[in-house]
Amino acid sequence: MESRDETIEAIRVAAHDWHARIEAGEMTPAERQAFETWLAAAPRHRAAYERAAALWREVGGIERSALSPRSLRPLARERLIAWAGRTSRDGRRPRRALRFAGGSAVIAALLLAVLLTGLPGLPFSGGERFETQIAETRSVALADGSRVTLGARSRVTVELEETLRLVRLRSGEAFFQVASDPTRPFVVEAGDTRVEALGTAFDLRYRDSGLRIAVAEGTVEVRTAGAKEATTSARLSAGQEIFADNQGALGDIAAIRPDAVGLWRHNRLVYTGARLSEVVADANRHHEDWIFLRDDAAAQLEITAVFDAGDIEGLLAALGEALPIAIRHLPGPVIMIDRKARETGD
């Protein structure tokens, strides 16, 4: 019998938990009976389990090249929370590795990477931590008089020392308004890229592919350390931006409108010749469902547009009209984007 106090979220997590146990193939007869009892207790239980199974059949078919660890994060959180809570009768964790839909060891490895780098609550070493959730922005006044505004699903740690002000952008996007202090440089690190502010306001957008730096006021010095220890650098002034990829290479400096830097703070997502992968990465930080780009070619498509960060469904609809892509809403919290199949003549 279904409990009146049972929430939709609890049912959904339980459904994923049961599905994980069945996929692992370690259920005892008593556990199997408990599962059948739970399944028959309410129509909502069966519906949630069928959605979970359908979702993981879809995910299990995704090619490795179409995925990144960060792209699986919300799904991984739900699946891993359910799995991590499981113990055997003697209180020990199960020894056999979990087998995901389609027998995909790739998915399992990616989810492990997510668990180590992306779940909330994992401590960062040193400094004060600030973070935001889905569709949330947060403005933080620092003790030195500077201000950091965090975009949706973003994290930073801040260390204010006597000789250095160090901020580490762990994920997402942040806009910095830096108080002048010649005796204490203000430095932001994101991956292997280091940005030093020379009395300025600037925006950093950190993704799997790298870091985009845009300057609204003043000047910043950008330095990267490539895979071969070779350091590259560039100096940006107001109205300029640059992209540092995750291999440590700096792109060309591009001219932009200074007043367009950080417009996400006003709920506007602005793109000029941006790749679809960048747009989707931003959309994922503002939407409860998770959006997968399944096709590498589609990820490289470019678009110039302005979107409302509060209307991601409208953003997706506009992308579907402007680009040769097909958008599907799958069972569970997943939206899949593929390149649209070419139409052939009779």
Side-chain angles (χ1 to χ4, degrees), residues 70 116-133 136-238 240-251 253 261-262 264-265 285:
R70 196 166 297 172
L116 293 175
T117 62
L119 290 179
L122 293 180
F124 293 121
S125 58
E128 190 173 8
R129 185 179 75 173
F130 303 98
E131 63 183 311
T132 54
Q133 304 304 316
E136 177 190 4
T137 59
R138 180 181 180 185
S139 183
V140 179
L142 304 183
D144 70 328
S146 301
R147 181 170 292 276
V148 180
T149 303
L150 296 178
R153 268 186 177 152
S154 300
R155 294 180 184 141
V156 298
T157 56
V158 179
E159 299 178 51
L160 300 181
E161 302 174 352
E162 291 186 4
T163 59
L164 177 67
R165 296 171 290 173
L166 178 62
V167 179
R168 291 185 174 92
L169 178 59
R170 305 290 184 172
S171 64
E173 185 163 24
F175 186 88
F176 298 87
Q177 295 164 288
V178 181
S180 179
D181 184 349
T183 65
R184 289 196 301 170
F186 190 101
V187 174
V188 183
E189 293 181 348
D192 291 330
T193 301
R194 185 180 178 94
V195 180
E196 181 176 345
L198 307 175
T200 187
F202 62 100
D203 183 80
L204 299 183
R205 185 180 297 174
Y206 191 30
R207 301 189 179 94
D208 291 341
S209 55
L211 179 72
R212 187 171 298 279
I213 305 104
V215 182
E217 300 174 11
T219 306
V220 301
E221 186 81 22
V222 180
R223 293 183 180 276
T224 68
K228 296 182 178 180
E229 304 288 329
T231 300
T232 57
S233 64
R235 177 168 289 205
L236 304 183
S237 300
Q240 294 182 323
E241 71 171 7
I242 198 168
F243 183 74
D245 69 23
N246 56 16
Q247 301 300 315
L250 284 176
I253 297 175
V261 177
W264 54 265
R265 294 174 297 156
R285 296 191 290 110

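All residue numbers in this chain count up from 1 along the given sequence.
- Scored by the side-chain contact (heavy atoms from CB on, under 4.5 Å) test, Arg184 finds Asp144, Leu160, Arg165, Asp181 as partners (sequence neighbours excluded).
- For the atom pair OG1 of Thr193 and CG of Leu204, the computed distance is 9.5 Å after rounding to the nearest 0.5 Å.
- No donor-acceptor distance shorter than 3.5 angstrom exists from the side chain of Thr132 to the backbone of Thr137, with no hydrogens or angles considered.
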Pair Val215-Gln240, side-chain contact (heavy atoms from CB on, under 4.5 Å): steps then yes or no: CA-CA 6 Å; Val215 182; Gln240 294 182 323; 5.6 Å; no

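- Between Arg265 atom CZ and Asp203 atom CG the span is 8.0 Å, to the nearest 0.5 Å.
- Under a 3.5 Å cut-off, the side chain of Ser146 and the backbone N or O of Ala179 do form a donor-acceptor pair.
- When the side-chain hydrogen bond (donor to acceptor under 3.5 Å, both in side chains) test is applied to Arg285, the partners found at least two apart in sequence or on another chain are Glu173, Asp282.
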Check against side-chain contact (heavy atoms from CB on, under 4.5 Å), Ile253 and Ile242: CA-CA 5 Å; Ile253 297 175; Ile242 198 168; 3.9 Å; yes

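- Across all their heavy atoms, Val178 and Ala197 have their closest contact at CG2-CB, 3.8 Å.
- Among residue pairs with one or both ends in residues 144-169, none qualify as ring pair (Phe, Tyr, Trp, His ring centres under 6.0 Å); sequence neighbours excluded.
- The ring pair (Phe, Tyr, Trp, His ring centres under 6.0 Å) analysis of residues 147-205, with sequence neighbours excluded, yields the pairs Phe176-Phe202.
- Contact record, Ile213 with Val220: CG2-CG2, 4.2 Å, taken as the closest heavy-atom pair.
- The nearest pair of heavy atoms linking Ser233 to Leu250 is C-CD1, 3.7 Å.
- Under the side-chain contact (heavy atoms from CB on, under 4.5 Å) criterion, Ser209 pairs with Arg207, Phe243, not counting sequence neighbours.
- For the 3.5 Å distance criterion, the side chains of Arg147 and Ser139 qualify, holding a donor opposite an acceptor.
- Summarising the geometry of Ala174 relative to Val148, their closest heavy-atom pair is CB-CG1, 4.2 Å, with the distance given to 0.1 Å.
- Atom-to-atom distance recorded for Tyr206:OH and Arg155:CZ is 12.5 Å, nearest 0.5 angstrom.
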side-chain contact (heavy atoms from CB on, under 4.5 Å) between Glu161 and Leu166, intermediate numbers included: CA-CA 8 Å; Glu161 302 174 352; Leu166 178 62; over 6 Å; no

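- With a 4.5 Å cut-off on side-chain heavy atoms, Val167 and Phe130 do not count as touching.
- One distance of note links CZ of Arg194 with CD of Glu189; it measures 5.0 Å at 0.5 Å rounding.
- In this structure, Glu196 CD and Glu221 CD are separated by 7.5 Å, a value rounded to the nearest 0.5 Å.
- For the atom pair Leu142 CG and Gln177 CD, the distance stands at 10.5 Å (nearest 0.5 Å).
- Judged as a side-chain hydrogen bond (donor to acceptor under 3.5 Å, both in side chains), and not counting sequence neighbours, Arg138 has no contacts.
- Pro185 and Leu164 get closest at one heavy-atom pair: O-CD1, 3.6 Å.
- Taking each heavy atom of Val261 and Ala216 in turn, the nearest pair found is CB-CB, 3.9 Å.
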